[in-house]
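Counting starts at 1 for both ligands and their atoms, in listed order. These values consider heavy atoms only, across backbone and side chains, with no hydrogens, waters or symmetry-generated copies.
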Amino acid sequence: MRRLVLVPTPIGNLADVTLRALEVLREAEVVACEDTRRTAKLLRHYGITTPLQRLDQHTMDRADRLLEEHSYIAYASDAGTPGISDPGAGLVELALQKGFHVEALPGPTAFVPALVASGLPVARFVFEGFLPGGRARKRRLAILAREERTVVLYEAPHRLARTLADLAEIYGPGHRVALARELTKKHEEIWRGSLADAREHFAQPRGEFVLVLAPREPVAEARPDAAELAAELAATGLSGRALAEALEARGVSRNEARQAAYRKEKT
Ligand code: SAM
């Protein structure tokens, strides 16, 4: 039986690796990985000598050959679970096409500890990974602000301030958020508060972050003034469909939101 096994690796603390992960890394013919230097460090720590082969988003064209040449392959991304905001999905697809048996081991990933320690509802949540840039961003934010489940996001430190500002605009500054920073590492911090306070606290962010946003509050009985809110949101750069969606997210009815956004276009 030809096997591909996805192996989660530590997100900061080398002790966070399962016995099965080590067994697979030791017994596989080859460990394909995003960054051979990084995975070599883990293998060295546990005395594992399996050969490594680089396979990241830039070298996925080598996947075909890897699957032709080996019948027991372990795949590891830089940190956490392959396929979760990391390469892995393309390899799985190709391996399945070639008749491989594909397994994924349970193990480290950043969003689960962030979510369960956030203090926010965990029964229903949505994982969004990194927010898109460019024009897609505001639309995605407006859709998220209507989300009735807890929202989990990944963010790089140099984009955190901008993301917190965007989130405060769309959700309102008082909206509850938790930020899990440097999980499993020496400077681990789980911060909980409002978006406005988060902007202040993380004015100069360092390290890796997971953001967990409270679900939207149930829409209040008294509906907000659509025109007033439209003016407020338009001043932040929203227009057209994104403005209508943001208005809806703040409790304005769909019809009213569309009309208010349309009127704003005309002024
Ligand atoms: N595959 C990984 C996983 O399973 O979580 C995610 C990889 S993604 C390229 C990297 C992002 O994950 C970081 O920008 C950060 O948002 C989050 N992350 C990874 N390690 C983290 C840590 N130790 N603490 C907080 N966030 C972390």
Side-chain angles (χ1 to χ4, degrees), residues 4-18 20-21 24-25 31-39 41-42 45 54-60 74-93 102-120 122 125-133 137 140-141 144 150-167 177-193 195 198 201-202 204-213:
L4 167 68
V5 187
L6 302 180
V7 182
T9 53
I11 57 166
N13 185 327
L14 283 183
D16 290 331
V17 65
T18 69
R20 261 184 88 204
V24 168
L25 292 171
V31 176
C33 56
E34 244 190 306
D35 179 343
T36 49
R37 272 173 311 179
R38 195 147 170 175
T39 307
K41 193 174 157 205
L42 176 72
H45 187 80
R54 182 175 168 210
L55 194 69
D56 59 11
Q57 70 266 41
H58 310 293
T59 52
M60 267 302 157
Y75 184 69
S77 58
D78 277 358
T81 299
I84 300 295
S85 295
D86 258 349
L91 181 62
V92 168
E93 208 180 317
V102 176
E103 293 162 61
L105 303 187
T109 189
F111 78 88
V112 173
L115 172 69
V116 297
S118 67
L120 297 169
V122 296
F125 68 92
V126 54
F127 174 70
E128 280 285 328
F130 292 97
L131 284 173
R137 188 177 172 89
R140 178 72 64 86
L141 283 164
L144 285 184
T150 299
V151 173
V152 185
L153 296 172
Y154 282 169
E155 195 47 284
H158 63 281
R159 282 194 297 258
L160 185 74
R162 158 90 202 279
T163 293
L164 287 173
D166 287 349
L167 290 169
V177 64
L179 281 94
R181 187 173 82 88
E182 295 287 84
L183 285 165
T184 78
K185 302 184 198 174
K186 191 172 165 202
H187 298 292
E188 173 173 314
E189 173 184 13
I190 301 186
W191 184 95
R192 304 165 185 89
L195 279 166
H201 186 81
F202 294 105
Q204 281 161 347
R206 292 180 70 175
E208 299 196 273
F209 287 88
V210 182
L211 282 77
V212 186
L213 290 147

Which ligand 1 atoms, with their elements, are less than 4.0 angstrom from a heavy-atom of [X]?
| X | value |
| --- | --- |
| Lys185 | 23 (N) |
| Ile11 | 20 (N), 23 (N) |
| Glu182 | 23 (N), 24 (N), 25 (C) |
| Glu155 | 14 (O), 16 (O) |

With Leu153, which of Val210, Leu213, Val212, Val177 fulfils side-chain contact (heavy atoms from CB on, under 4.5 Å)?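 Going through the options one by one, the only one that passes is Leu213.
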Regarding ligand 1, does [X] bring an N or O atom to under 3.5 Å of one of the ligand's N or O atoms?
| X | answer |
| --- | --- |
| Ala79 | yes |
| Asp86 | yes |
| Tyr154 | yes |
| Thr81 | yes |
| Leu183 | yes |
| Ala110 | yes |

Within a 6.0 Å radius of atom CD on Gln57, are there more than 12 heavy atoms belonging to other residues, nucleotides or ligands? yes
Should the proximity of [X] to ligand 1, defined as any heavy atom under 4.0 Å, be assigned to the side chain, the backbone, both, or neither?
| X | value |
| --- | --- |
| Ala180 | backbone |
| Phe130 | side chain |
| Ile84 | both |

What closest approach, in Å, do Leu6 and Pro82 show between heavy atoms, and which atom pair accounts for it?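 Taking every non-hydrogen atom into account, CB-CG, 4.2 Å.
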Any Val210 heavy atom less than 4.0 Å to ligand 1: yes
Return the closest protein heavy atom for atom 16 (O) of ligand 1 as residue, atom name and distance.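 For atom 16 (O) of ligand 1, the nearest protein heavy atom comes out as Phe209 O, 2.5 Å.
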In this structure, atom 4 (O) of ligand 1 is nearest to the protein heavy atom Thr109 OG1, 2.6 Å
Under 30°, 30 to 60°, or over 60°: which ring-plane class applies to Phe125 and Phe111, parallel, tilted or perpendicular? tilted
With side-chain contact (heavy atoms from CB on, under 4.5 Å) as the criterion, how do Arg181 and His187 come out once you've worked through the C-alpha distance, each side chain's angles and the decisive distance to 0.1 Å? CA-CA 8 Å; Arg181 187 173 82 88; His187 298 292; 3.9 Å; yes
